[in-house]
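Before any comments, here is the structure.
Position 1 is the first residue of the sequence; numbering continues from there.
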Amino acid sequence: MTDAVRVRARERARERARHAAPRSFVARAAALTAGLSVAGSGLGLVRDQVIARLFGAGAGSDAFLVAWTVPELAATVLIEDAMALLLVPAFSAALAKGGTAALVRGTLPRLAALLAVATAVLYAAAPLVVHLLAPGLADPRLAVSCTRLTAATVLTFGLAGYLSAALRAHHRFLPPAAVYVAYNAAIITTLLALHARWGVQAAAAGVAAGGAAMVLVQLPSFVRALRRPPLPAPTPESGGRTVAVGMAVVAPVVLFAVTRQAQVLVERFFAAGLPAGAISHLNYAQKVAQLPMVLSLMVCTVTFPVVARALAEGDREGARQRVERDLTLACVVVLLGTAYVLACAPQIVQALFQRGAFDAADTAATASVMRVYALGLLGQSLVGALIRPYFSAGRPTWYPVAAMAAGLGVTAAADAAAVTAWGAYGIAAGNAAGISLTAALLLRGLPARAVPVRIPALTAAVSRYVLAAAAATGAGWCTTRLLPAGTPAVAVAAACCLTVPLAFATAAAAAGAPVRSLHHAV
């Protein structure tokens with residue numbers, strides 16, 4: 001066999017693998033990622049339940065949550081958004097060329113040094129950080145102490161995000177999907193062991209321990225991936241290209257991630273001047289309400305390397321089809337979750353949190369805020385799904401930053417206008433309005449700037465599922481009213497788990513968008 005024949009055979013094999021394997025691969029990887037993400041989210045709920053039981057919703061929990069802003073921002077920038085959006089395309093392009101060892105040698109040492117310096121600066125500047133984040137705190141000393149403990153996450157989350165991006169590009173999804181299982185398990189363990197001695201600072205110490213666990217759970221698989229023999233480089237005519245990790249690419253990705261997380265900073269800033277407990281009510285409401293959004297993005301997380309690889313190899317049509325399927329599936333999942341949250345928010349909060357120091361008044365306040373947050377869940381999910389194709393190509397683009405900045409401006413203006421009259425509810429409404437605007441702008445700009453998706457067809461399909469979600473919300477609300485008074489909250493929430501999906505599927509079919517037609521989307 002001549003060299004030319006071998007090259008053609010290798011290219012045909014690659015083409016078959018690219019078009020035949022992804023569906024079964026995506027389904028398996030999505031199921032694995034979803035399962036571990038559900039486990040991580042479940043442990044996150046246990047973590048929040050432990051914090052609520054031990055510390056309630058008062059000044060101590062508010063101080064910890066101000067400090068928790070640091071790891072929340074670090075997670076968004078270094079794990080969930082910026083690091084993945086930068087490095088998955090870079091690693092995918094490096095794999096398309098043959099191997100990733102050179103990319104690791106050129107990026108990992110510099111990144112680790114930069115993160116270590118940032119951690120030290122944050123530790124020293126903790127009093128200033130707390131003052132900027134929550135100037136209305138009556139006694140900021142506890143928040144400063146907790147912030148110094150959580151500062152370590154800048155280093156550990158950065159390393160964890162780097163490992164996650166590399167492993168996903170290698171199509172190894174188990175360790176990255178397990179990071180939040182390890183993270184929350186470490187927090188819960190530290191809380192139970194140290195809360196009697198350290199109080200709420202035990203939660204901050206647990207966050208620091210959880211960041212280290214994120215790195216350790218991925219490190220062995222990362223080392224094995226680097227030892228894998230490199231693939232043969234593609235031929236020059238195969239359409240491949242190089243993705244560089246330069247400042248022109250890095251800056252818009254990082255600024256987008258920071259601007260997106262700045263919504264939380266704006267919320268905490270305005271909530272700091274409200275009565276004690278407001279920050280906690282906003283936090284618990286947001287954590288629970290966003291679970292449907294997290295689940296809706298599981299397929300997008302798995303297919304991000306697939307889209308990046310397709311664009312690296314010049315397959316724009318394959319990327320378009322994959323992105324359209326991802327967006328549709330993400331919208332269906334998040335709309336179903338939104339209907340459930342709107343229908344029985346009080347029962348969900350009561351079943352999850354009402355015990356110990358978290359009383360019935362905290363339940364009522366948190367549930368009301370959660371329903372307002374839920375109005376922005378579709379926007380949250382769309383932003384998470386849409387940003388991936390924007391940065392999959394590995395080219396500099398500032399449009400997502402502008403879209404996110406516009407949404408942040410709406411959030412800040414709405415919060416400032418509504419916080420005096422409506423308190424935490426006005427803050428949650430500002431969040432929903434701002435993120436919804438960003439989603440609309442990102443969707444409008446996607447065809448011209450990233451992947452040529454068909455916006456009219458997508459809009460028509462999603463509109464039908466919105467109508468189905470409205471019908472499902474009504475069915476769930478009726479369920480909560482028809483059950484006898486005194487029915488345990490967990491039983492009411494379980495009943496809604498049956499009626500809401502059934503009503504959603506029935507209404508979707510009546511609207512011409514049956515749920516069973518989505519089986520091809522994975």
Side-chain angles (χ1 to χ4, degrees), residues 45 48-49 51-53 55-59 61-62 65 136 263-264 266-293 334-380 411 414-436 469-470 472-481 483 485 487-490 492-493 495-497 500:
L45 284 176
D48 291 341
Q49 288 173 331
I51 294 173
R53 184 184 184 91
F55 311 113
S61 60
D62 283 357
L65 291 172
Q263 281 201 313
V264 176
V266 170
E267 290 176 14
R268 299 265 165 90
F269 179 87
F270 285 106
L274 296 175
I279 293 177
S280 298
H281 296 148
L282 286 163
N283 173 74
Y284 292 128
Q286 187 182 61
K287 289 292 192 300
V288 177
Q290 286 191 352
L291 284 176
M293 182 267 291
V334 79
L335 286 170
L336 179 58
T338 299
Y340 181 65
V341 169
L342 289 173
C344 57
Q347 292 79 16
I348 295 171
V349 176
Q350 183 179 347
L352 291 175
F353 298 117
Q354 190 173 315
R355 56 186 62 86
F358 197 97
D359 58 21
D362 292 324
T363 293
T366 301
S368 298
V369 172
M370 192 163 77
R371 278 176 163 155
V372 180
Y373 263 130
L375 300 177
L377 286 181
L378 179 61
Q380 294 278 7
T411 295
D415 287 356
V419 67
T420 302
W422 296 327
Y425 310 118
I427 293 175
N431 178 291
I435 201 67
S436 298
T473 301
W477 185 86
C478 290
T479 300
T480 65
R481 295 298 184 273
L483 290 173
T487 302
V490 66
V492 177
C496 285
C497 275
V500 169

Euclidean distance, [Y] [atom2] relative to [X] [atom1], rounded to 0.5 Å:
X: C344; Y: M370; atom1: SG; atom2: CE; answer: 8.0 Å
X: C496; Y: L342; atom1: SG; atom2: CG; answer: 11.5 Å
X: L65; Y: I279; atom1: CG; atom2: CD1; answer: 7.0 Å
X: I51; Y: S61; atom1: CD1; atom2: OG; answer: 9.0 Å

Using every non-hydrogen atom in the two residues, find where [X] and [Y] come nearest and quote the distance to one decimal.
X: R371; Y: P346; answer: NH2-CD, 3.5 Å
X: A278; Y: D62; answer: N-OD2, 4.3 Å
X: A469; Y: A339; answer: O-CB, 3.5 Å
X: A424; Y: L282; answer: O-CD2, 3.7 Å
X: S436; Y: G376; answer: OG-CA, 4.3 Å
X: A343; Y: T473; answer: CB-O, 3.8 Å

Under the criterion side-chain contact (heavy atoms from CB on, under 4.5 Å), which of T363, T366, V490 is the partner of Q350?
T363
Does any part of the side chain of [Y], heavy atoms only, come nearer than 4.5 Å to the side chain of [X], both counted from C-beta?
X: T338; Y: L378; result: no
X: H281; Y: D362; result: yes
X: Q263; Y: Q286; result: no
X: L274; Y: I427; result: yes
X: F358; Y: V349; result: yes
X: L45; Y: L352; result: yes

Backbone N or O of [Y] within a donor-acceptor pair of the [X] side chain at under 3.5 Å?
X: T411; Y: G430; answer: yes
X: R355; Y: Q49; answer: no
X: Y340; Y: G476; answer: no
X: T480; Y: W477; answer: yes

Specify whether F353 and Y284 have parallel, tilted or perpendicular ring planes, treating 30° as the upper limit for parallel and 60° as the lower limit for perpendicular.
tilted
Would you please test T487 and Q347 for side chain to side chain contact (heavy atoms under 4.5 Å, CB included) and show each step?
CA-CA 10 Å; T487 302; Q347 292 79 16; over 6 Å; no
